[in-house]
Each structure stands twice: as structure tokens, then as C-alpha cells.
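These values consider heavy atoms only, across backbone and side chains, with no hydrogens, waters or symmetry-generated copies. These figures come from a predicted structure and were not determined experimentally. FYI, the numbering just counts along the sequence from 1.
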Amino acid sequence: MSILQAIFLGIVQGVTEFLPVSSSGHLVILQNIFGMETDGGMLFDVMLHVGTLVAVCAVYRKDLWKMIREAILICADIAANVKIFFKNRRDQEALRYRRIIHNNYRKFVLLIIVSTIPTGIIGYVGRDLVEIAGKTLLVPGVCLLLTGILLIVAQLSEDGHKIPRDVSYVNAFFIGIAQGLSTLPGLSRSGTTITACLLSGFERKFALKYSFIMSIPAILGAAVLELKDIGNETISAGMVGNCIVGAIVAGAVGFVCMKTMLVVVRKKSFKGFATYCIAVGIVAIVMHFVL
């Protein structure tokens with residue numbers, strides 16, 4: 001893999017990871033049509049994930065810091081409640097327990113955890129199916145068509161007003177399932193989860209924030225699953241350099257694209273992306289039968 005390929009794939013990853021057009025679908029299509037193979041591919045994929053992960057953390061650093069702080073305080077309150085429980089049992093007292101979820105950020109933390117559970121299960125169980133799907137143009141093509149339809153649904157959905165305190169854990173589980181299914185190449189993670197959030201009645205800005213922050217454990221999980229195969233690859237110094245360049249490019253481009261999505265979601269301008277996904281999906285399906 002050349003440095004230009006690393007830059008190109010980094011741009012593709014950064015653009016398609018956060019814009020609702022499916023990063024995995026585009027990478028599979030490019031690899032199938034142009035035969036683009038990457039020596040040390042697993043390491044390169046992991047580094048691209050790291051780049052996009054850094055971009056998410058940069059955009060939502062204030063929210064993430066508050067969530068981390070509240071997560072620590074939740075653990076402290078749970079530990080205190082356990083202590084109170086045993087003290088009440090031992091001394092026959094009736095000390096009041098601490099309330100665990102009492103603000104939006106604590107609820108946000110718990111919602112992300114609930115969403116991550118079905119995502120992790122589906123991602124782990126379906127990993128072999130995803131690998132098989134990546135060897136053909138048909139699956140990414142069909143999934144891109146589905147992404148286009150989902151974006152049209154998002155365009156037509158009514159405006160919601162839910163923020164963390166209004167969101168149910170059933171909503172969070174449903175959105176986690178949507179994210180898990182989006183591991184299929186061509187089914188946009190951001191497009192699928194944002195649509196699921198809007199259909200669940202989320203306020204637009206919060207729908208985008210929820211979609212991107214819930215991607216953090218998903219990206220980390222995908223990277224960890226790929227790490228076990230890196231030891232089987234021959235990694236050269238040049239490949240390491242290409243990986244670093246790809247990660248930096250993916251992160252920088254991803255940062256810009258997330259800022260762009262803030263405008264897209266606020267104005268609910270999904271038509272262009274829907275048209276693009278449907279067009280690329282049709283091309284991929286046609287190429288599947290032609291090649």
C-alpha cells in the first residue's frame with residue numbers, strides 16, 4: 001500500500017464514517033472494483049478506527065468529560081448503597097439510599113450502556129456473516145439502497161423533543177439493535193442510528209449527539225476484535241507510517257464531517273445523501289452481475 005492509498009482510504013473513512021453513506025460499504029466497493037488490498041490490513045483498519053474515535057472525542061469532549069465524571073459518581077453511589085444495605089440489615093436501621101440516576105448525564109451514561117449491549121451481541125455473533133458479505137458487491141449495494149430508504153424516512157419523520165430524561169431504556173435498546181445491524185457493509189451506522197433516534201422522538205441535536213457518542217464503544221469493540229489478528233500479519237516500518245497517516249487523515253476529515261452533520265440534522269437535509277446512497281447502491285448491484 002502506498003502513502004497515497006493510505007491518504008485516500010483515510011479520506012474515504014473520515015467522510016463516510018460520519019456522513020450517512022456507509023464507510024464499510026464504500027471500502028468494500030472500492031476493494032472489489034479496483035482490487036485495492038492493504039498489506040497489514042487489520043492494523044490499518046484499527047488505525048482508521050482510532051482516527052475516527054479521536055475525532056468523536058474531540059467534538060464531544062465536554063459531554064464525554066461530564067459523562068465520565070458521572071459514571072465514576074454512579075459507581076461511588078452504588079458502593080455507598082451497598083454499604084447502607086448491609087448497615088441497615090446489621091443494625092436494624094432505615095437509612096435512606098442514595099438516588100443513582102438523578103440528572104441528564106447519569107441517564108445518558110446508562111442509556112449508552114443499554115444501547116451497547118445489543119450492538120455488542122449482534123456484532124460478535126454476526127462477525128463471520130459481515131466478513132462474507134464484504135466479499136461481494138451485492139450485499140453492500142442492497143444495504144446502500146436500504147440506507148437511502150432510511151434517510152428518506154428520517155427526512156419525513158416528525159420533530160421530536162426527547163432529551164435524556166425523556167428517553168426510555170426500550171428506546172435505547174432499539175437504537176442499539178439498529179447500530180448492531182449497521183455492521184453490514186453498506187448500511188450506514190450514522191444514518192441508521194440517527195433515523196432510529198428520530199423515530200424514537202429524540203430532539204434533533206440530541207439524536208446526532210447520541211448517535212456519535214454511542215459509536216465510541218462500538219468502534220472500540222471493533223478495534224479490539226481486529227487486534228487479535230494483527231499478530232498474524234507482517235508489519236513493516238513503511239506500513240506503520242502509512243497507518244499513522246491514514247489515521248490522522250481519517251480523524252481530521254471525520255472532525256469536519258461531524259461538524260457538517262450538525263447542519264444537516266438541524267435542517268433535516270437528508271435528501272441528497274439518500275439519492276447518493278440509492279445511486280451508488282444501484283451501481284454496486286449492477287457491477288456485481290457485470291464483473
Notebook entry, point to check: So if you build clusters from Ile, Leu, Val, Met, Phe, Trp, Tyr with side-chain heavy-atom gaps below 4.5 Å, do Ile175 and Leu220 land together?
Noted result: yes

Does Asn171 use its side chain to pair, donor to acceptor, with the backbone of Ser168 at less than 3.5 Å? yes

To the nearest 0.5 Å, atom CD of Gln92 lies from atom CZ of Arg90 at 11.0 Å

Contacts of Lys107 meeting side-chain hydrogen bond (donor to acceptor under 3.5 Å, both in side chains) (sequence neighbours excluded), chain-then-number -> none

Nearest heavy-atom approach of Asn88 to Ala94 is OD1-N, 3.7 Å

Is Lys267 close to Val263 at the side-chain level, that is, under 4.5 Å between some pair of heavy atoms?
yes

Pairs under 3.5 angstrom only: tabulate donor-acceptor contacts from the side chains of residues 64-74 to other protein residues two or more places apart or in another chain.
from, atom 1, to, atom 2, distance (Å)
Glu70, OE1, Asn103, ND2, 3.4
Glu70, OE1, Arg106, NE, 2.8

- Message: If you define the side chain from C-beta out and look only at heavy atoms, does anything of Leu181 sit under 4.5 Å from Thr192?
- Response: no

Exercise for review: Let me see the working for Val265 and Phe270 under side-chain contact (heavy atoms from CB on, under 4.5 Å), right down to the final yes or no.
Suggested key: CA-CA 8 Å; Val265 173; Phe270 295 108; 4.1 Å; yes

dist Ser200:OG -> Asp166:CG (nearest 0.5 Å) comes out at 12.5 Å

Donor-acceptor contacts, no H, no angles, side chain residues 136-147, under 3.5 Å, sequence neighbours left out:
from, atom 1, to, atom 2, distance (Å)
Thr136, OG1, Leu138, N, 3.1
Thr136, OG1, His288, ND1, 3.2
Thr147, OG1, Cys143, O, 3.1
Thr147, OG1, Gly186, O, 2.8
Thr147, OG1, Ser188, N, 3.1

**Study point:** Ile163-Ile101 co-clustered via ILVMFWY side chain contacts under 4.5 Å
**Key:** no

Is there a donor-acceptor pair under 3.5 Å between the side chain of Asn242 and the backbone N or O of Ala6?
no

Close side-chain approach of Thr275 to Leu151, heavy-atom, < 4.5 Å: no

- Task: Please assess Phe273 against Val264 for the test side-chain contact (heavy atoms from CB on, under 4.5 Å), listing each intermediate value before the final yes or no.
- Result: CA-CA 10 Å; Phe273 294 112; Val264 171; 3.8 Å; yes

Sorted by chain and number, sequence neighbours left out, side-chain hydrogen bond (donor to acceptor under 3.5 Å, both in side chains) with Ser182 holds for none

By side-chain hydrogen bond (donor to acceptor under 3.5 Å, both in side chains), Gln179 pairs with (sequence neighbours left out) Thr119, Arg189

Val170 and Ile117: same hydrophobic cluster, using ILVMFWY side-chain contacts below 4.5 Å? no

For residues 106-140, the ring pair (Phe, Tyr, Trp, His ring centres under 6.0 Å) pairs (sequence neighbours left out) are Phe108-Phe206, Phe108-Tyr210

Do the non-hydrogen side-chain atoms of Pro185 and Val130 ever get within less than 4.5 Å of each other? yes

Contacts satisfying salt bridge (Lys or Arg N to Asp or Glu O under 4.0 Å) that involve residues 137-165 (not counting sequence neighbours) are Asp159-Arg204, Asp159-Lys268

Side chain to side chain contact (heavy atoms under 4.5 Å, CB included) test vs Ile113 passes for just one of Leu111, Val109, Thr116, namely Val109

CG (Leu48) and SG (Cys243) are apart, to the nearest 0.5 Å, by 8.0 Å

Closest non-hydrogen atoms of Met261 and Pro20, given as atom of the first, atom of the second and distance, are SD-CD, 3.4 Å

- Task: Would you check if Phe18 and Thr52 make a side-chain contact, meaning some heavy-atom pair closer than 4.5 Å?
- Result: yes

message: Could you check whether any side-chain N or O of Glu203 sits under 3.5 Å from a backbone N or O of Lys205, counting only pairs where one atom can act as donor and the other as acceptor?
response: yes

Taken in chain and number order and not counting sequence neighbours, the residues that satisfy ring pair (Phe, Tyr, Trp, His ring centres under 6.0 Å) with Tyr276 are His26

Given the options Ser211, Ser215, Ser115, Thr193 meets side-chain hydrogen bond (donor to acceptor under 3.5 Å, both in side chains) only with Ser211

Flag, side chain of Asn81 to backbone of Tyr97, donor-acceptor distance under 3.5 Å: no

Residues 145-190 vs ring pair (Phe, Tyr, Trp, His ring centres under 6.0 Å), sequence neighbours excluded, gives none

The side chain to side chain contact (heavy atoms under 4.5 Å, CB included) partners of Leu199 (sequence neighbours excluded) come to Val153, Ser157, Thr195

- Task: Report yes or no: do Ile100 and Val114 belong to one cluster of Ile/Leu/Val/Met/Phe/Trp/Tyr joined by side chain heavy-atom distances under 4.5 Å?
- Result: yes

Here the gap from Ile213 atom CD1 to Leu208 atom CG, rounded to the nearest 0.5 Å, amounts to 9.5 Å

Exercise. Do Val256 and Ile11 belong together in a cluster built from hydrophobic side chains that touch within less than 4.5 Å?
Worked result: no

Sorted by chain and residue number, the side-chain hydrogen bond (donor to acceptor under 3.5 Å, both in side chains) partners of Asp63 (sequence neighbours excluded) come out as Tyr105, Lys209

The remaining residues in the hydrophobic cluster of Leu129, counting side-chain heavy-atom contacts under 4.5 Å among Ile, Leu, Val, Met, Phe, Trp and Tyr, are none

So CD1 of Ile216 and SG of Cys57: to nearest 0.5 Å the spacing works out to 4.5 Å

Rounded to the nearest 0.5 Å, the CZ atom of Arg89 sits from the CD1 atom of Ile84 at a distance of 15.0 Å

